[in-house]
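These notes are about the structure you will find just below.
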Amino acid sequence: LQAGTKLDSRHIGILAALGRHEVKVRPILKAAILSTGDEVIPIEQTVKPGQVRDVNSYIVEALLRKQGARVDRLGILGDDKEALTQALQKALEVYDLVLVSGGSSAGTRDVTLEALDALGKPGAFVHGLLLKPGKPTILADINGKPAIGLPGHPLSAFVVMKLVVLPLIDILTGTECLAPDYKEAVLTRDVPSNHGREEVLPVHLAMKDRTVLAEPLFGKSGLISILSQSQGYIRIDGGAEGLEAGTPVKVYAW
């Protein structure tokens with residue numbers, strides 16, 4: 001067994017066969033999630049006009065736990081820079097990784113960037129990715145600890161978690177980074193794409209005449225239902241002007 005192996009039942013069996021009842025392992029990564037936004041409410045509350053339930057913190061928690069991290073959701077804060085800065089400062093004293101859901105766009109009420117920059121050096125070194133969905137993402141280094149501002153829309157946050165945050169956790173924990181699984185399929189519809197950003201597009205898979213078909217699922221980045229309907233995603237290069245129906249594509253597993 002190589003250093004960096006994430007132990008599962010197969011590896012435990014090998015260790016038992018070798019008589020190794022104790023091995024050295026890396027500490028489990030501790031992560032915290034903060035949600036922001038005056039419009040965000042707990043999921044058990046009834047939604048009123050202009051409000052949305054705190055979907056992202058539950059998506060992020062589930063993804064992090066699946067990756068092997070210990071996770072705490074630290075609640076919801078309004079669009080208040082001082083309150084967010086104080087909450088982030090306390091979280092960074094305890095956790096190895098802190099994620100902020102929302103407040104990462106360029107609007108006057110989006111205070112995540114300012115809060116992260118106020119906490120330590122070098123602060124935020126990326127604000128905005130050439131990625132659709134997922135553009136309003138913040139990457140920050142606060143005195144040696146990573147902090148990430150996630151987009152507020154659920155699909156955007158999910159994509160950034162899969163493509164950026166989970167690979168980062170592998171690096172932080174010394175785990176071998178494996179290429180994502182994919183299967184070959186054929187696109188069923190034309191897909192326009194001229195955004196200048198790499199695009200991640202959820203697809204629904206079907207089988208016809210022994211051929212795997214990939215049906216694109218279009219919709220806004222706030223539509224969580226798109227995720228539940230899809231079995232994977234395709235990646236479209238930022239320089240491409242779209243894909244035609246019948247194009248062979250790689251469908252990556254979520």
Side-chain angles (χ1 to χ4, degrees), residues 31-66 69 71-92 94-95 97-119 124 127-129 131-140 147-165 195 199-202 204 216-230 233 254:
I33 309 163
L34 278 162
S35 294
T36 68
D38 293 337
E39 75 283 5
V40 181
I41 63 171
I43 63 171
E44 63 270 15
Q45 291 187 12
T46 301
V47 177
K48 297 178 181 179
Q51 295 180 331
V52 293
R53 290 193 175 99
D54 181 23
V55 174
N56 283 4
S57 67
Y58 290 88
I59 293 176
V60 172
E61 179 184 17
L63 287 168
L64 291 173
R65 289 191 184 280
K66 186 176 180 181
V71 190
D72 288 322
R73 287 181 288 104
L74 303 185
I76 303 169
L77 296 172
D79 296 308
D80 183 321
K81 176 189 171 183
E82 184 176 347
L84 180 57
T85 302
Q86 292 177 357
L88 284 169
Q89 188 170 31
K90 291 180 180 178
L92 287 163
V94 177
Y95 297 93
L97 170 67
V98 177
L99 299 110
V100 182
S101 169
S104 61
S105 297
T108 56
R109 296 169 59 198
D110 297 318
V111 297
T112 300
L113 179 66
E114 295 181 17
L116 288 171
D117 264 343
L119 288 169
H127 185 200
L129 302 178
L131 180 66
K132 180 181 187 297
K135 180 181 178 181
T137 297
I138 301 170
L139 306 179
I148 297 176
L150 296 171
H153 289 163
L155 180 57
S156 296
F158 185 87
V159 168
V160 173
M161 286 294 298
K162 294 292 290 189
L163 270 63
V164 178
V165 179
H195 312 284
E199 184 168 0
V200 172
L201 182 63
H204 175 77
L217 298 175
F218 301 104
K220 295 182 179 180
S221 56
L223 294 178
I224 190 65
S225 59
I226 290 179
L227 279 177
S228 66
Q229 296 166 15
S230 66
Y233 63 94
W254 282 125

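For this chain, numbers begin at 1 and follow the sequence in order.
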How long is the straight-line distance from [atom2] of [Y] back to [atom1] of [X], given to the nearest 0.5 Å?
| X | Y | atom1 | atom2 | value |
| --- | --- | --- | --- | --- |
| L84 | S35 | CG | OG | 11.0 Å |
| L131 | E199 | CG | CD | 9.5 Å |
| L217 | L227 | CG | CG | 9.5 Å |
| L74 | K90 | CG | NZ | 11.0 Å |
| H153 | K135 | NE2 | NZ | 14.0 Å |
| L113 | I138 | CG | CD1 | 4.5 Å |

Is a side-chain N or O of [X] found less than 3.5 angstrom from the main chain of [Y], in a donor-acceptor match?
| X | Y | result |
| --- | --- | --- |
| N56 | G152 | yes |
| R53 | E44 | no |
| S156 | P133 | no |
| T36 | S101 | yes |
| H204 | Q229 | yes |

Closest heavy-atom pair and its distance - [X], [Y]:
| X | Y | result |
| --- | --- | --- |
| A87 | L77 | CB-CD1, 3.6 Å |
| P151 | G134 | CG-CA, 4.0 Å |
| P154 | I224 | CB-CD1, 3.8 Å |
| L201 | P216 | CD2-CB, 3.7 Å |
| V40 | I76 | O-CG2, 3.7 Å |
| V100 | L88 | CG2-CD2, 3.5 Å |

Q | Worked verdict on I226 versus F158 for side chain to side chain contact (heavy atoms under 4.5 Å, CB included) | A | CA-CA 11 Å; I226 290 179; F158 185 87; over 6 Å; no
Q. Does CD in E82 sit with more than 12 non-hydrogen atoms of other residues, nucleotides or ligands closer than 6.0 Å?
A.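 Open.
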Q: Test T46 against Q51 for side chain to side chain contact (heavy atoms under 4.5 Å, CB included), laying out the working first.
A: CA-CA 9 Å; T46 301; Q51 295 180 331; over 6 Å; no
Q. Going through the checks in order, is the side chain to side chain contact (heavy atoms under 4.5 Å, CB included) test met by L119 and T85?
A. CA-CA 7 Å; L119 288 169; T85 302; 3.7 Å; yes
Q: Determine whether T137 and V164 make a side-chain contact, defined as any pair of heavy atoms from C-beta on separated by less than 4.5 Å.
A: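 No; the side chains remain at least 4.5 Å from each other.
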Q | Test applied, side-chain contact (heavy atoms from CB on, under 4.5 Å); reference residue, Y58; option that passes from I43, I33, L63 | A |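 Checked I43, I33, L63 against Y58; only one passes side-chain contact (heavy atoms from CB on, under 4.5 Å): I43.
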Q) Considering residues at least two apart in sequence or located in another chain, which fulfil the salt bridge (Lys or Arg N to Asp or Glu O under 4.0 Å) criterion with K81? A)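 Partners of K81 under the salt bridge (Lys or Arg N to Asp or Glu O under 4.0 Å) test: E114.
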Q.
side chain to side chain contact (heavy atoms under 4.5 Å, CB included), that's the test. Do V200 and L163 meet it? Break it down for me.
A. CA-CA 10 Å; V200 172; L163 270 63; 3.8 Å; yes
